[in-house]
There are 2 protein chains.
Amino acid sequence: MDNINIKKLAKELNISTSTISRAFNGNTDINKDTKERILAYAKQHNYLPNHYASNLRDKKSNTLAVIVPEIANDFFSQAINGIEEVARKKGFYILLYRTDDVFEKEVSFVNYLNNGKADGIIMSVSGEANDHNYLRQLEKKHVPVVFFDRVYEDIEAAKVTTNDYDSSFAATEHLIKTGCKKVAYLVVNKSISIGKVRMQGYMDALARHKIAFDDNLVIDCSNDEKVNYKILKKALQEIRPDGIFSSVERLAFATYYVCNDIGISIPNDLKVISFSSLRVAPLLSPPLSTITQPAYEMGVKAATLLFDVLENNGNTPKKEHVLKSKLFIRKSSIGE
Amino acid sequence: MDNINIKKLAKELNISTSTISRAFNGNTDINKDTKERILAYAKQHNYLPNHYASNLRDKKSNTLAVIVPEIANDFFSQAINGIEEVARKKGFYILLYRTDDVFEKEVSFVNYLNNGKADGIIMSVSGEANDHNYLRQLEKKHVPVVFFDRVYEDIEAAKVTTNDYDSSFAATEHLIKTGCKKVAYLVVNKSISIGKVRMQGYMDALARHKIAFDDNLVIDCSNDEKVNYKILKKALQEIRPDGIFSSVERLAFATYYVCNDIGISIPNDLKVISFSSLRVAPLLSPPLSTITQPAYEMGVKAATLLFDVLENNGNTPKKEHVLKSKLFIRKSSIGE
DNA sequence: TTGTAGGCGTTATCAG
DNA sequence: CTGATAACGCCTACAA
C-alpha cells in the first residue's frame, strides 16, 4: 500500500470518499466518531490529502510568491522574515524567487506564476525602465501583487515603501551640519526608483543649505564589488569629498575598505552615512551612521496588505503605505 | 474569456487539446507550423498550462522545499542562494520555510510536505533530541531529503557539513598559541549536533596543550539576545577568560557589545574568534577572526546531491560530504 | 449523517 | 502528425 489516496482509504474503511474529505476539511456535517476513526486511521497510514488535487479543484494554492533582487542581504532577509511570519499565521507558504536584479528573470518568474502557482505575489522590483505589461496580465488572472521598497509607479497595486526622500534629506543635512562642504552621493542607478528619490532628498538638502550641486559628486556604481572598489578609490583620491551619503549599504562597506587601504580616516577626513540594515553597524570601525529601514515591519505590512486583498476578493482599494526609517547617528559621521 | 484553459484554446483554434499539450511539452510529434500557431495564439491570449493540473497528472511539482532555522542570517541566506542557483538551472522553484529552531514547526512543515507539495527537501534541522520518525515517512513517499550543516545522525540521507571538529581544534589552538591561558567556549546548546562537535574540537585542543578542561568556561547561552548579554557580562566579569571561542556568530557580537560596555579591550584583554559568515567581519572594531563556512557552496552541494537522487529515481547511495571552512585570523585574536 | 457522481485542467496512451 | 479518452486525487452539489 505504497501510494495511499482517498479512494483506497475509503475502501479500507468501508466508507465513502466524501466522508473522508469532510473529515479533513472541518466540515460539520459528519459524525464525530466517524471523523475520529478516519483521522486516526489516516494518520496511522500516513495519509494526507494531496495538495495538487485539492488546489486544482479549489483554485487556491495557499502559497505566496516572494520576489526579491537578493536574498543574502540584511534588508531583504529581514523583510522575508516579516512576510513569512504573517503568511504562516494564515496557513500560507512562501515560494521564494531571487532576480539578481535581472529584469528578464523577474518577467519569467512572474509569467510562471500566471497559472495558479501562487495566490498572490509580494515583490521588490528590478526593472523600472522596462515595459511592465507582463504584470497587468496578473490582474486578469486575479493574482494580486504588493510591492515593497522598490516599486513600479506605473502599476496600480498596494505599495509599501519608506520615507526615503525625508531620510535622505535628513542624512545629507546632518553631514552638512557636521561640517561637510563636499558631500558625495553614492548610488547604483541614479535614474530609477529608489536611487532617484534618495538623490532628490540629497539635492534638496544641498539647495536648502545653499551648496551648489555638483554632478561629479554623484558617484554611479555597479553591482560588481571589484568595479565599485575601483570607482570609489578613484573618486576618493581625485574628487576628494569630505562626506559620503550612500544610498546602498554595500557601497558604504566598499568605502570603508577603500579608506582603510589608502589611509583616509573616517570620520576625520571623511564622514559617512548610509542606508543600511546591518545589525552590527555599531560594531564597525568606526560605528557606521545609518538610515535603517524597518525591514521586518515592511514585510509584515506587505503580507498583511496582500491578505487584505485576498480575503476581500480583490476588491480592496489599492493603497500606498509609507513607513518611517530611523536615523542612527554614530561615529562615522560625527565631527571632532 | 477570463479564465482560459486548454479546452477553450482547443475550441478556438479548432484543434484538439492533445495537440496543444504537445506544443507546450517539447514533444516532437507535432507539425512545426501547428506548434507555432498554437504558441503564438496562446501567448496572445495569455495562456499557460495550469501547474496544479500538470503536477497532479505527473506527480512532479518542480519544487524544492528548503527548511532552515533562520532566514535573516548570513550563513543561511548565503546557503539558500546556493540552493536557489542550482534549482533555477533545473527549472525548480524554492518553497522556503523557517523553523525558528522550534522542533514542532519543523515537524508540522515536513508533514505538510508529505503530499506532493515538493519533490525533495533540503534542511538544516532543529530538533536533535527528538524522535525523527516523521522523517522516515518521507522515504515511503519517495521524497528525498538532504541535510546541511545541522543534521540528524540517526537518519540515513545525504548530508553536507563542514569540518567543524578540525576548525574548532585549530581555532582553539590558535588562541592558545597566541597566549591565552583561559579560553572560554560560547555555545547555544552544548549537548547537540554542532555545538557538541565544536566543543569536542575545543576540548581536544586544550588537552593537546595540557590545559585542564574547566566546565565553568563552557558558557551556555540562549536564543534571546538580552539574556545572552547578561550571561556574557557576568561570565566576563566573574570568570574572566582571556580568550573566547564562539561557536555561533551572534555570541561573538554579544561579546563585542559587552566588552564595549564594561571596558574590556579586544584583543588586549580578551582574544576572540568565532564561527561566522559575516561578510564585513574585516570592518569590525577590531576586525573579527572567523571560521567561515562555505555557505554558498554548501547550498550548491546540497541541491546538487538532491538532484542526483531525484534524477536517479532515488537509487543514489546516501553520502556524507564534508566541505572545509576557512580560518581568517584578524586582529581580534592577535597578541601584541 | 453519509453516499454518488461529475469535473477541476492536464497529459499519456492508443488509435487513426 | 493529430484526435479521443481515460486517468491523476480531490471536493462539492445533490440525493438519499
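It should be emphasised that the depicted structure is a prediction, and the values quoted were computed from it without experimental measurement.
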Got a list of protein N/O to nucleotides 5-9 of chain C N/O distances below 3.5 Å?
residue: dG6(C); atom: N2; partner: R57(A); partner atom: NH1; Å: 2.7
residue: dG7(C); atom: N2; partner: R57(A); partner atom: NH1; Å: 3.0
residue: dG9(C); atom: OP1; partner: K59(A); partner atom: NZ; Å: 2.6
residue: dG9(C); atom: OP2; partner: N5(B); partner atom: ND2; Å: 3.4
residue: dG9(C); atom: N2; partner: A53(B); partner atom: O; Å: 3.4

Whole angstrom value for the distance that separates P of dT11(C) from CZ of F24(B) = 9 Å
Contacts of type side-chain hydrogen bond (donor to acceptor under 3.5 Å, both in side chains), residue S277(A), not counting sequence neighbours | none
Residues which pass salt bridge (charged side-chain N to carboxylate O under 4.0 Å, His left out) with D101(B), listed by chain and number, not counting sequence neighbours | R150(B)
Quick one: bend of the helix from dT1(C)-dA16(D) to dG16(C)-dC1(D) from 5 pairs per end, to 10°?
-> 40°
With sequence neighbours excluded, tell me which residues meet salt bridge (charged side-chain N to carboxylate O under 4.0 Å, His left out) with E106(A).
-> none
L138(B) vs V110(B), side-chain contact (heavy atoms from CB on, under 4.5 Å): CA-CA, chis, key distance, verdict | CA-CA 8 Å; L138(B) 288 172; V110(B) 169; 3.5 Å; yes
Taking only residues two or more places apart in sequence or in another chain, which ones pass side-chain hydrogen bond (donor to acceptor under 3.5 Å, both in side chains) with K90(A)?
-> E311(A)
Given atom CZ of R22(B) and atom C1' of dT11(C), what is their separation to the nearest angstrom?
-> 10 Å
Contact class for I15(A) (heavy atom, under 4.0 Å): base, sugar-phosphate, or nothing?
-> sugar-phosphate
Under the ring-ring contact (aromatic ring centres under 6.0 Å, His included) test, residues paired with Y93(B) that sit two or more places apart = F109(A), Y112(A)
First and last nucleotide of DNA chain D, 5' to 3', lying under 4.0 Å from heavy atoms of chain A | dG9(D) to dT12(D)
Is it the case that Y97(B) and R88(A) place a side-chain donor and acceptor less than 3.5 Å from each other?
-> yes
Does F76(A) have any ring-ring contact (aromatic ring centres under 6.0 Å, His included) partners at least two apart in sequence or in another chain, and if so, which?
-> none
Residue-phosphate contact under 4.0 Å: N55(B) side-chain N/O, dT10(C) OP1/OP2 = no
Residues two or more places apart in sequence or in another chain: which of them pass salt bridge (charged side-chain N to carboxylate O under 4.0 Å, His left out) with K159(A)?
-> E320(A)
Of N115(B) and K32(B), whose closest DNA chain D nucleotide lies nearer the 5' terminus?
-> K32(B)
Y152(B): ring-ring contact (aromatic ring centres under 6.0 Å, His included) partners, not counting sequence neighbours = H132(B), F147(B)
R22(B) meets the side-chain hydrogen bond (donor to acceptor under 3.5 Å, both in side chains) criterion, sequence neighbours left out, with none
